[in-house]
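Encoded as structure tokens, the structure appears first; notes follow it.
Every heavy atom of this structure was used, including side-chain atoms; hydrogens, water molecules and symmetry mates were not. So that the names make sense, note that chain A is the first sequence line, chain B the second, and so on, each numbered from 1.
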Amino acid sequence: MTLFAKAAMAAFVGLAAHGVAQADVKVAFIDPLSGPFGPSGTGAYTSYVLAFEHLNANGGMNGEKVELTGYDNKVSPKESLVQLQKAIDSGARFIIQGNGSSVAAAIIDAVNKHNERNPGDEVVFLNYAAVTPAFTNEACSFWHFRFDAHADMKMNAITDWLIKRDDIKKVYLIGQDYVFGKAVAEAAVKQLGEKKESVEIVGNELHPLGKVKDFTPYIQKIQASGADAVITGNWGQDMVLLVKAAGDSGLKIPFLTFYGGSLGAVSTLGDAAIGTLYQVSEGITNLEASDAQYALIEEYKERFPEYDYYYHRAFEAVDMLKAASEKAGSNDPVAIAKALEGLTVEGAYGPVTMRASDHQAQQNLYVSTVAKDVKYTVDNTDKGWKLVENGKIDAAAAEEPTTCEMVRP
Amino acid sequence: METIVFSLLNGMIYGLLLFMLSSGLTLIFSMMGILNFAHASFYMLGAYFAYTIMGVTNFWLALFLAPVLAGGVGMLVERWGLRRVHVNGHVAELLFTFGLAYLIDEVVRIIWGRNAVNYKVPEALDFTLFTLYGSNYPAYRIFILFVAVFMLVSLWYLLKRTRIGLIIQAALTHPHMVGHLGHNVPLVFMSVFGAGCALAGLAGVIGGNYFITDPAMAVQMGPIVFVVVVVGGLGSLEGAFLAAMLIGILQTSAVSINASFSDIFGFLGLTASSELGRITVAQLAPTLPFLLLVLVLIARPRGLMGEREV
């Protein structure tokens with residue numbers, strides 16, 4: 001027993017020493033790496049792994065290497081704060097998180113407090129997927145940067161597409177019961193009311209986050225309501241199981257989603273996905289792009305065959321981080337945060353600008369649907385995402401005003 | 001009308017799955033008196049075994065082999081683990097099975113990965129059986145219904161109508177007497193534990209592809225199985241059946257109710273704009289089984305058809 005304890009101690013010390021000695025810039029990735037939302041977190045984590053590898057191979061940040069560490073938070077705000085403290089204690093100055101606005105809200109709050117109490121030791125939060133509009137509006141923070149379009153922006157793209165379809169008269173809203181799901185429903189009700197009053201909202205439903213195993217009762221409610229289309233912000237397992245139940249019940253109406261690209265949704269639906277599953281995102285692999293981008297997509301698939309190149313914004317975020325460090329001439333988090341404001345980088349699918357007034361990335365959005373005969377397929381099926389007609393929304397058109405009153409240090 | 005029909009149909013199938021899962025625990029928990037916290041882990045093992053076996057051969061072989069394997073693991077656990085721990089009382093058992101649940105969780109993660117595996121409904125059963133009010137009804141759900149009912153009837157027959165059942169029941173309540181009569185009681189215990197685990201495994205085989213097969217499935221199913229056993233009453237197979245159906249139908253129909261708290265308790269002055277008033281019955285659906293558990297423990301501690309108090 002004592003021998004074991006000694007061995008464990010030695011291993012632990014060795015591990016710790018190893019951790020301290022290596023990298024110069026430490027980045028912590030705090031997201032679900034197991035459980036119902038494990039695929040969402042892991043898909044993003046692998047994207048960051050590859051992005052930082054490329055960054056390190058190309059000279060790192062001002063010559064310093066970046067070390068990325070993953071922390072599993074199980075989508076729990078409480079767990080995330082523990083992991084955040086662990087990350088900060090181990091020297092991380094850049095925090096990456098995305099899955100779950102409830103988690104992001106907790107991290108923003110904790111980062112704000114930490115930075116206020118520890119001047120000279122600031123951390124910056126890079127949010128790649130928590131899209132509750134409040135984070136770049138009334139609850140905005142200088143330390144928070146969002147690389148994904150927020151719920152109102154995505155909803156704008158969806159409703160713009162929807163009002164052009166005259167056959168859609170009744171819409172059903174279904175979402176996860178937490179701050180993000182509520183924000184999505186609110187945005188849909190508001191925008192549909194403004195844009196096309198004749199569209200009737202026949203259902204507005206919230207279900208528990210990550211707990212529902214069988215969506216059939218919900219699907220039957222949708223069928224009974226006579227809806228022509230469904231709008232949902234669901235992601236991860238909630239997205240996959242929702243469309244699985246729809247497929248099983250033979251519900252063949254458009255599902256307008258934020259995260260239809262969640263791992264497994266297309267393979268679950270099979271051919272039924274064609275023309276029924278839609279998503280709005282900052283880029284899809286089947287857009288015209290440079291050879292370098294194609295090479296990146298292929299390298300990603302080769303390295304992580306279980307996943308598909310989906311988190312384009314992870315690569316954008318890393319590009320912006322590098323550009324900001326060069327602009328600032330330093331890897332100090334405060335200097336980088338200041339340099340990120342108003343910064344523009346040329347992305348694979350159009351320029352990305354970090355708006356200074358609220359730290360919301362402005363970029364083109366693309367509405368896509370599932371189709372066969374595409375260059376890059378997903379979920380190891382024969383289908384992939386394809387741009388719909390007039391599916392490109394320019395950054396300027398996707399832009400939304402902000403109420404943020406930024407307080408800068 | 002169609003809402004009621006669908007709620008009943010879906011609730012019944014969910015209830016039957018719950019029953020398959022909890023009938024094993026009824027055997028183990030209420031008859032043998034072993035607090036098996038790892039029961040849902042055998043459900044998970046059943047699903048993963050079936051996924052692997054299906055990958056090599058076919059679903060029908062998996063339907064038979066996976067529960068046998070899960071039962072085999074259960075017997076090993078009883079023979080080399082629980083039997084030694086048993087002499088130290090309930091707390092030791094509880095801790096042992098609690099630890100076992102974590103162990104199985106981790107082993108599953110190591111072998112099959114941390115994310116859901118693509119365990120699909122077999123093609124032979126992947127079709128629409130009938131259309132009801134414009135909604136397709138997959139054949140696989142009816143298949144679940146048949147498997148569950150078949151299992152219920154055979155289990156009931158085995159326990160209540162055969163000599164083996166007689167010995168099992170006697171061994172569980174009067175182990176010393178049965179031992180003196182020349183029966184191998186430890187073997188009976190091992191077999192009953194194994195059979196309980198095999199039933200959980202069977203539920204995993206047919207539930208794994210109906211729902212989702214991931215390492216979290218045990219943790220998510222664990223609590224609700226105990227609810228079924230306690231609400232149904234300790235030691236009662238019929239009670240477990242009733243409770244499972246009740247919970248299944250309750251939870252499924254609650255989803256289709258749009259009424260909010262303010263509609264129900266409006267007369268108390270609760271408004272639709274308040275935080276509490278906005279909550280709908282549908283949102284509460286997942287908590288209903290636990291509410292039922294609390295109510296049963298208060299009003300009728302021995303459960304619906306239990307033979308003794310919890």
Side-chain angles (χ1 to χ4, degrees), chain A residues 32-43 72 74 174 176-178 181-182 202-226 236-238 240-241 244-252 263-264 267-268 270 272 306-307 379-381, chain B residues 1-3 5-7 9-11 13-14 17 105-106 109 113-118 120-121 126-128 131-141 207-217 219-221 224 248 251-258 278-280 282-287:
Chain A
L33 296 173
S34 64
F37 298 109
S40 305
T42 315
D72 187 4
K74 306 180 179 75
I174 182 162
Q176 295 149 319
D177 193 1
Y178 75 115
K182 288 176 188 164
V202 289
N204 191 346
E205 178 101 45
L206 295 171
H207 64 79
L209 175 68
K211 293 248 161 46
V212 181
K213 298 274 140 182
D214 181 12
F215 275 93
T216 313
Y218 295 97
I219 294 298
Q220 259 136 19
K221 254 174 114 172
I222 296 173
Q223 275 176 321
S225 73
Q237 181 186 298
D238 285 336
V240 178
L241 293 182
K244 180 183 178 189
D248 283 348
S249 301
L251 182 66
K252 278 209 152 196
L263 189 79
S267 73
T268 298
E306 269 183 74
Y307 298 92
D379 289 352
N380 299 322
T381 62
Chain B
M1 182 58 202
E2 49 184 284
T3 314
V5 171
F6 276 125
S7 296
L9 210 54
N10 289 325
I13 283 158
Y14 182 52
L17 252 180
D105 259 27
E106 284 308 317
R109 272 169 227 253
R114 287 187 290 194
N115 295 329
V117 293
N118 190 13
K120 284 202 160 150
V121 170
D126 196 13
F127 61 93
T128 302
T131 307
L132 200 64
Y133 302 111
S135 172
N136 293 349
Y137 212 81
Y140 194 69
R141 272 180 223 170
N209 48 4
Y210 178 60
F211 297 137
I212 192 165
T213 303
D214 68 359
M217 64 194 283
V219 181
Q220 286 168 338
M221 270 301 193
I224 201 144
Q251 210 176 333
T252 314
S253 17
V255 168
S256 50
I257 300 174
N258 274 328
R278 262 203 302 254
I279 300 173
T280 61
Q283 278 170 276
L284 278 182
T287 59

Lys213(A) meets the salt bridge (Lys or Arg N to Asp or Glu O under 4.0 Å) criterion, sequence neighbours left out, with none
Side chain, backbone, both or neither of Tyr210(B) within contact of chain A (heavy atoms, under 4.5 Å): both
Which bit of Thr252(B) comes within less than 4.5 Å of chain A, counting heavy atoms only: side chain, backbone, both or neither? both
List in chain and number order the residues that pass side-chain hydrogen bond (donor to acceptor under 3.5 Å, both in side chains) with Glu205(A), two or more places apart in sequence or in another chain; answer none if no residue qualifies. Tyr172(A), Lys221(A)
Could you go through the side-chain contact (heavy atoms from CB on, under 4.5 Å) check for Tyr137(B) and Asn10(B) one step at a time? CA-CA 10 Å; Tyr137(B) 212 81; Asn10(B) 289 325; 3.2 Å; yes
Is Pro215(B) close to chain A through its backbone or its side chain, or both, or neither, when contacts mean heavy atoms under 4.5 Å? neither
So which of Ser7(B), Ser253(B), Pro138(B) has the biggest tally of heavy-atom pairs under 4.5 Å with chain A? Pro138(B)
Turns out that what part of Thr268(A) lies under 4.5 Å from chain B's heavy atoms comes down to neither
Ignoring hydrogens and angles, state whether a donor on the side chain of Asp379(A) or Thr381(A) is under 3.5 Å from an acceptor on the partner side chain. no
Under the salt bridge (charged side-chain N to carboxylate O under 4.0 Å, His left out) criterion, do Asp248(A) and Lys244(A) qualify, and how do the steps go? CA-CA 6 Å; Asp248(A) 283 348; Lys244(A) 180 183 178 189; 5.5 Å; no
Determine whether more than 12 heavy atoms belonging to other residues, nucleotides or ligands lie under 6.0 Å from atom NZ of Lys211(A). no
Using a 4.5 angstrom heavy-atom cutoff, name the option from Ala224(A), Gly203(A), Ser249(A), Ser267(A) with the most pairs to chain B. Ser249(A)
Is it the backbone or the side chain of Pro39(A) that comes under 4.5 Å from a heavy atom of chain B, or both, or neither? both
